[in-house]
Undergrad: 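Sharing a structure with you now.
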Amino acid sequence: MTDERRGAVEAIDGVLVALADPTRRQLLDLLAAQGEATATTLAERLPVSRQAVVKHLAVLDVAGLVSGSRIGREVRYAVRPAALDATARWMAELAADWDRRLAKIKRVAEAAERDSR
């Protein structure tokens with residue numbers, strides 16, 4: 001596997017790990033709806049502490065799903081869609097590959113059934 005491919009696989013793995021947690025998915029939904037927000041603002045909308053929100057945001061940041069920018073004493077977080085887009089493309093390619101495989105299996109099975117008559 002090339003270094004570029006390995007990097008892409010690791011990026012997708014990071015996104016999938018980050019999205020495995022329902023609180024992180026909620027954070028992404030909130031940020032997508034609001035555009036950008038602070039951890040304090042996000043914590044007001046979730047049943048977890050501000051500290052927990054900051055930890056979840058750090059995981060999302062490492063996965064490339066959000067970015068934080070400091071404005072004075074605040075850090076405002078916003079969604080970064082590129083990593084999610086890359087993961088969605090990978091999932092679509094995977095689904096298309098399985099569709100091709102299943103179509104081939106269907107053709108083979110149908111041919112075998114015709115030949116057995």
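All residue numbers in this chain count up from 1 along the given sequence.
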Undergrad: Tell me whether Arg45 at atom CZ has more than 12 heavy atoms from other residues, nucleotides or ligands lying less than 6.0 Å away.
TA: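 12 or below, so no.
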
Undergrad: Under a single-linkage definition using a 4.5 Å side-chain heavy-atom cutoff for Ile, Leu, Val, Met, Phe, Trp and Tyr, are Ile12 and Val59 assigned to the same hydrophobic cluster?
TA: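 Ile12 does not cluster with Val59.
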
Undergrad: Output the distance between atom OG (Ser67) and atom CZ (Arg76), rounded to the nearest 0.5 Å.
TA: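 That separation rounds to 13.0 Å.
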
Undergrad: For Trp90 and Val15, what are the C-alpha separation, side-chain angles and deciding distance, and is it a side-chain contact (heavy atoms from CB on, under 4.5 Å)?
TA: CA-CA 12 Å; Trp90 171 78; Val15 168; over 6 Å; no

Undergrad: Would you indicate whether the side-chain heavy atoms of Tyr77 and Val53 approach each other to under 4.5 Å?
TA: no

Undergrad: Give the minimum heavy-atom separation between Gly68 and Val75, together with the two atoms involved.
TA: CA-CG1, 3.9 Å

Undergrad: First locate atom CD of Gln34, then atom CG of Asp29, and finally report the distance between them rounded to the nearest 0.5 Å.
TA: 11.0 Å

Undergrad: If we check side chain to side chain contact (heavy atoms under 4.5 Å, CB included) with Leu65, which of these qualifies: Leu28, Leu57, Val79, Leu31?
TA: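 Running side chain to side chain contact (heavy atoms under 4.5 Å, CB included) over Leu28, Leu57, Val79, Leu31 with Leu65 returns exactly one hit, Leu28.
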
Undergrad: Of Thr23, Val17, Leu19, which meets side chain to side chain contact (heavy atoms under 4.5 Å, CB included) against Asp21?
TA: Thr23

Undergrad: Hey, any chance Leu60 and Val48 share a hydrophobic cluster, counting ILVMFWY side chains that come within less than 4.5 Å of each other, even indirectly?
TA: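 Hydrophobic grouping puts Leu60 with Val48.
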
Undergrad: Taking all non-hydrogen atoms of both residues, which atom of Gly72 and which atom of Arg70 are closest, and how far apart?
TA: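 The answer is O-CG, 3.3 Å.
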
Undergrad: Sequence neighbours left out, what passes side-chain hydrogen bond (donor to acceptor under 3.5 Å, both in side chains) with Thr40? Give chain and number order.
TA: Arg50

Undergrad: Which pair of non-hydrogen atoms, one from Ala63 and one from Gly14, has the smallest distance, and what is that distance?
TA: CB-O, 3.5 Å

Undergrad: With hydrophobic residues grouped by side-chain heavy-atom distances under 4.5 Å, do Ile105 and Trp98 end up in a single group?
TA: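 Different hydrophobic clusters.
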
Undergrad: Using salt bridge (Lys or Arg N to Asp or Glu O under 4.0 Å) as the criterion, list what pairs up with Asp97, not counting sequence neighbours.
TA: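 Asp97 satisfies salt bridge (Lys or Arg N to Asp or Glu O under 4.0 Å) with Arg100, Arg101 only.
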
Undergrad: Rounded to the nearest 0.5 Å, what's the gap from CG on Leu102 to CZ on Arg107? Could you check?
TA: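 Between atom CG of Leu102 and atom CZ of Arg107 there are 10.5 Å.
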
Undergrad: Does the Arg24 side chain pair with the main chain of Ala18, one donor and one acceptor, at a distance under 3.5 Å?
TA: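 Yes, the answer is positive, given that a donor and an acceptor are paired below the 3.5 Å cut-off.
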
Undergrad: List the atom of Asp61, the atom of Val66, and the distance in Å for their closest heavy-atom pair.
TA: OD1-O, 3.0 Å

Undergrad: Can you check side-chain contact (heavy atoms from CB on, under 4.5 Å) on Leu46 and Leu30, steps first, answer last?
TA: CA-CA 10 Å; Leu46 295 170; Leu30 288 171; 4.0 Å; yes

